[in-house]
S.K.: 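What follows is a structure written as structure tokens; I'll ask about it next.
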Amino acid sequence: MQLDLNLLTALDALLEEGSVAGAAARLHVTAPAMSRSLGRIRKATGDEILVRTGRTMVPTTRALAMRAQVHALVEQAHHLLSAQQELDLASLERVFTVRWHDALTAACGAALVTAVRSRAPGVRLRLPAEPGSDDAELRRGEVDLASSAGAPALPDIRHRLVGRDRLVVAVRPGHPLTEGPLSPERYAAAEHLTVSRRGSLRDPIDDALAARGLERRVAAAGPTTAFALQLALDSDLVVTLPDAVTRTARKRLGLVALQPPLPLPDVPLHLLWHRRYDDDRAHTWLRETAAETVRALFAPPAASPRPLAPGTGK
């Protein structure tokens, strides 16, 4: 049986775009040509692939099941045929999925998009909400670059440490903890809020308190950093979270940052990707750009100009 492997590229585009017109634009072919390719794909697979629902088209169950495998095959073929070519960012056309912690996306997602667009205008970025399992989606090729506070356990997931963040205590202006020295006892006695996409009411801070014979009460677990910061602003709840990745958001809300009253471990920040991209030049460029963007968060803030001494002119 002879198959036109170009149909794989067409199928990948159809499943990514969810429409004949979108896939045609992505591959720079006419809509009728893409429609003919869809017809041939349907004949080869014995499946409709995309079916119309109102004004839109949705993938069939089989199409959803094969989407990750088709994308991986196309990426592997691209790598095989272009490994020896120089990377031309000006003409590069590719879609990358960058799935970071919500605080990291809020802190430097815009800077990453700007940096990518300035050098590779044909590259498109997806910055979706954080998933439940980074490693699985990296292995399936659904995510190109992820973030994590810990190094991956799987040997096929690569990682790079790009920074370490210190923890700060964020509270609303006028919060009782802002008055007088903040002791471990006063900190533990306050009501707290954790940030956990899985709803965990406990984190390493509880271990640090337990080592001192203290215990705190966590009143709520928020799904995102933005939610936690807003709740801290609107209540007496205390949230302890990484400094650099939340600094801009805290300042925008007017929250007060306090030094934790006990030693707490720094929070490492890793970028993760699958080893299939180790020698992929475009992906390597994306990793370098992302690492540079994230490291800028940890750069020392620019020194403010020293005010003039009254009446001296100096």
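The structure displayed is predicted, hence computed values, not measured ones. In this chain, numbering begins with 1 at the start of the sequence shown. Computed from heavy atoms alone, side chains included, the values below leave out hydrogens, waters and symmetry copies.
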S.K.: If every non-hydrogen atom of A290 is compared with every non-hydrogen atom of W100, which pair is closest and at what distance?
M.R.: CB-CZ2, 3.9 Å

S.K.: Apart from V58 itself, what residues make up its hydrophobic cluster, given side-chain heavy atom links below 4.5 Å?
M.R.: V51

S.K.: Show the nearest heavy-atom pair for residues E179 and G174, with the distance to one decimal.
M.R.: OE2-O, 4.3 Å

S.K.: Please answer whether the main-chain N or O of P176 pairs with a side-chain N or O of R186 as donor and acceptor at a distance below 3.5 Å.
M.R.: yes

S.K.: Enter the distance from L237:CG to R172:CZ here, rounded to the nearest 0.5 Å.
M.R.: 10.5 Å

S.K.: Tell me if the CZ atom of R117 is crowded by more than 12 foreign heavy atoms within 6.0 Å.
M.R.: no

S.K.: Using a 4.5 Å cut-off on heavy atoms from C-beta on, say whether the side chain of R26 contacts that of D12.
M.R.: yes

S.K.: Hey, does the side chain of S147 reach the backbone of H101 with a donor-acceptor pair shorter than 3.5 angstrom?
M.R.: yes

S.K.: Look only at the side chain of T224 and the backbone of F227, and say whether a donor-acceptor pair between them is shorter than 3.5 Å.
M.R.: yes

S.K.: Can you establish whether the number of heavy atoms outside R94 located under 6.0 Å from its atom CZ is more than 12?
M.R.: yes

S.K.: Tell me, do T30 and S35 make a side-chain contact under 4.5 Å, heavy atoms counted?
M.R.: no

S.K.: Check for a donor-acceptor pair, side chain of D206 on one end and backbone N or O of D203 on the other, with a separation under 3.5 Å.
M.R.: yes

S.K.: Using the salt bridge (Lys or Arg N to Asp or Glu O under 4.0 Å) definition, which of the options E142, E16, E137 pairs with R126?
M.R.: E16

S.K.: Looking at side-chain heavy atoms only, is the closest gap between M66 and L11 below 4.5 Å?
M.R.: yes

S.K.: Where do L50 and R42 come nearest, in terms of heavy atoms and distance?
M.R.: O-NH2, 2.7 Å

S.K.: Measure the shortest side-chain to side-chain distance between V168 and R250 over non-hydrogen atoms and say whether it is less than 4.5 angstrom.
M.R.: yes

S.K.: Supply the atom-to-atom distance L297 CG to T248 OG1, rounded to the nearest 0.5 angstrom.
M.R.: 7.5 Å

S.K.: Using 30° and 60° as the class boundaries, would you call the ring planes of Y277 and H283 parallel, tilted or perpendicular?
M.R.: parallel

S.K.: Using side-chain heavy atoms (C-beta onward) and a distance below 4.5 Å, is P223 in contact with R197?
M.R.: no

S.K.: Restricting to non-hydrogen atoms, name the atom on V20 and the atom on L38 that form the minimum distance, rounded to 0.1 Å.
M.R.: CG2-CD2, 4.0 Å

S.K.: Between R124 and E93, is there a donor-acceptor pair closer than 3.5 Å when you use the side chain of the first and the backbone of the second?
M.R.: no

S.K.: Indicate the atoms forming the closest heavy-atom contact of H159 with A151, along with that distance.
M.R.: CE1-CB, 3.8 Å

S.K.: Are V294 and L127 grouped together when hydrophobic residues (ILVMFWY) are joined by side-chain heavy atoms under 4.5 angstrom apart?
M.R.: yes

S.K.: With heavy-atom distances below 4.5 Å as the criterion, would you say the side chains of Y187 and L258 are in contact?
M.R.: no

S.K.: Okay, side chain of D102, backbone of T225: is any donor-acceptor separation there less than 3.5 Å?
M.R.: yes

S.K.: Please go through V218's hydrophobic cluster and name the other residues, only I, L, V, M, F, W, Y counting, with side-chain heavy atoms under 4.5 Å joining them.
M.R.: L201

S.K.: Identify the heavy atoms of A146 and L138 that sit nearest to each other, and give their distance.
M.R.: CB-CD1, 4.2 Å

S.K.: Can you name the residues that form a side-chain contact (heavy atoms from CB on, under 4.5 Å) with A228, not counting sequence neighbours?
M.R.: L193, V195, V239

S.K.: Can you tell me how far apart CD (E288) and CG (L286) are? Round to the nearest 0.5 Å.
M.R.: 10.0 Å

S.K.: Quick one: do D156 and R275 make a salt bridge, cutoff under 4.0 Å?
M.R.: no

S.K.: For atom CD of E185, is the number of surrounding heavy atoms from other residues, nucleotides or ligands below 6.0 Å larger than 12?
M.R.: yes

S.K.: Without swapping roles, check the side chain of D144 against the backbone of V98 for a donor-acceptor pair under 3.5 Å.
M.R.: no

S.K.: With the side chain counted from C-beta on, respond yes when D165 and L269 share a heavy-atom pair under 4.5 Å apart, and no when they do not.
M.R.: no

